[in-house]
Amino acid sequence: MSTDTSLPIRTVTDPDIKATYAVDQSVGATAPSQFEVVRARDLEDVVEVLRWAHETRTPVVPQGARSSLTGSSVAIEAGVVLNTEGLDAISTVDPLEALAVVGPGVITKDLKDAAAAAGLFYPPDPASSAFCTIGGNVATNAGGLCCVKYGVTADYVRALQVVLPGGEVIRTGHRTAKGVAGLDLTGLFVGSEGTLGVITEVTTRLVPAPDPALTVLATFGSLEAAGRAIVALRLERHLPSLVELLDRAAVAAVQSLADYGFPQDCEAVLLVQSDRPGHTADDVQRYAAVLAEAGAVDVAVADDAAEADLLLAGRRALSPALEAKGPRYLEDVCVPVGRLTELIRSGQEVAARHGLEIVMAGHAGDGNLHPSIFFDADDASSRARAHQAFTEIITAALRLGGTITGEHGIGTLKAPWLAEELGERELERQRAVKALFDPRGILNPGRVYWS
Ligand SMILES: Cc1cc2nc3c(=O)[nH]c(=O)nc-3n(C[C@H](O)[C@H](O)[C@H](O)COP(=O)(O)OP(=O)(O)OC[C@H]3O[C@@H](n4cnc5c(N)ncnc54)[C@H](O)[C@@H]3O)c2cc1C
């Protein structure tokens, strides 16, 4: 073991710059008093840090763009932030093999653009795609707006290069379209939230490019009718590429930023899209009929790409619009699609009982809701009630057969509830798997497996 305990690599010394790497987007995230930041420039930098950190038992926080909403990329006291944004090469986009090979620091939108330039499509589409990284997406198994048709990040990761604590570089998975040799270690790393290793290269599957999407917007006078519409759309032979729900308060928040063309006088709005090559116009007419049949009050078909883009821009503006409203706990529960209305009703009941504003919106086609629970930061009672509401929505999701997180992950925010979903024995098995890769527990300690 080395006796030199100083980091053998250049760290960020400017305190102002360093501070920008301290926290992520999670509610209440605070910077530790003492930590180091390494901005990795290449594989060797990552190897160096993980070799040293393993020897010195120093905590390491793998980090991308810090857009995590769960505290999973916040710096740890006396630890090292190992930021991989600089590993941002798109080294291969191969139309024949339908794959891309990229560094973890590539911004999601840049990979989507590179694929599009080759006539291909990288579907995962978190609402943060303009600024989050592929490394972060893989580590959180990010979802997003078009999962209802295309699935999540895990469905597109073929192979990984990962550096383990101690500095060993491993490869998982395969470049080929098929491959079943051995256990699926790629799947193990996807969604592991930086607790098993640091991802240094990602091989992603690409699919043929879709057509520019067309959009249907439907307004509903009751949540139950909106719920019926979502279920009916999920039973369609040609699935929509997007089914998003906004409640009245979510629509008001978006429209307060700018006029995105959303009507305000309704209980719920559904945005539905088709991107099926050669059939978008047929599909949106079909979806409009399904929505009307389910009880929509108004159904408008945005039948050109410009209008469709405006409506989607409104959906993408939801996060900043809600951010502007003030501090909030942001939920990320997911339930069977058929039980989404019950989840929303539970959320409304929780809001009324605690005297809180809870805005409901999310990826309705997946049963994945992001209730925003607003509180007054200067009022301890308001914050405590909001936290209690956060807990009660998690409990409601589990009772409805759902999960405590659909796509944002566990981080620190939801670590206390992991045992409730998995059970103690499963949690023990998962801790044992972590120990196999990270025997000294240096990677993101306290995250996911908190106790
Ligand atoms: C406005 C907004 C909208 C969002 N919308 C969505 C959405 O629609 N869908 C969704 O799924 N998420 C969404 N998110 C959450 C967030 O953007 C995702 O979790 C994203 O995948 C995080 O990427 P990042 O690069 O910011 O990672 P970070 O926040 O830096 O890190 C996230 C996790 O990944 C780990 N990590 C990062 N890089 C590596 C690496 N190289 N190796 C190993 N581990 C690593 C970190 O340790 C941490 O556990 C949203 C966030 C915001 C702020």
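Heads up: numbering here begins at 1 and tracks the sequence. Numbering of ligands and ligand atoms starts at 1, following listing order.
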Is the shortest side-chain N to carboxylate O distance from [X] to [Y] below 4.0 Å?
| X | Y | answer |
| --- | --- | --- |
| Asp45 | Arg39 | no |
| Arg429 | Glu426 | yes |
| Arg315 | Glu244 | yes |
| Arg328 | Glu357 | no |
| Arg41 | Asp88 | no |
| Lys414 | Glu421 | no |
| Glu168 | Arg51 | no |

Heavy-atom neighbours of Lys109 NZ exceed 12 at 6.0 Å | no
[atom]: which protein heavy atom is closest, and how many Å away?
| atom | answer |
| --- | --- |
| atom 50 (C) of ligand 1 | Ser128 OG, 3.4 Å |
| atom 49 (O) of ligand 1 | Glu193 O, 3.1 Å |
| atom 11 (O) of ligand 1 | Gly143 N, 2.9 Å |
| atom 45 (C) of ligand 1 | Ala139 CB, 3.6 Å |
| atom 31 (O) of ligand 1 | Ser73 CB, 3.5 Å |

Does [X] approach ligand 1 within less than 4.0 angstrom via side chain, backbone, both or neither, non-hydrogen atoms only?
| X | value |
| --- | --- |
| His408 | side chain |
| Leu69 | side chain |
| His363 | side chain |
| Pro62 | both |
| Thr140 | side chain |

Mind telling me whether [Y] and [X] have parallel, tilted or perpendicular rings, with 30° and 60° as the class edges?
| X | Y | result |
| --- | --- | --- |
| Trp417 | His387 | tilted |
| Tyr156 | Tyr122 | perpendicular |
| Tyr329 | Phe390 | tilted |

Any N/O pair [X]/ligand 1 closer than 3.5 Å:
| X | value |
| --- | --- |
| Gln25 | no |
| Asp24 | no |
| Val61 | no |
| Ser319 | no |
| Cys132 | no |
| Val198 | no |
| Ala127 | yes |

In ligand 1, the atoms that come under 4.0 Å of a heavy atom of Ser72 are 32 (C), 33 (C), 47 (O), 48 (C), 49 (O)
Identify the heavy atoms of Ala139 and Gly194 that sit nearest to each other, and give their distance.
->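 Shortest heavy-atom contact: CB-N, 4.1 Å.
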Would [X] count as a contact residue for ligand 1, given that I'm defining contact as a non-hydrogen atom of the residue lying under 4.0 Å from a ligand atom?
| X | result |
| --- | --- |
| Asn137 | yes |
| Gly197 | yes |
| Asn444 | yes |

Tell me whether the guanidinium CZ or amine NZ of Lys434 lies under 6.0 angstrom from the six-membered ring centre of Tyr449 and within 45° of its axis.
->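 No, Lys434 does not sit over the ring of Tyr449.
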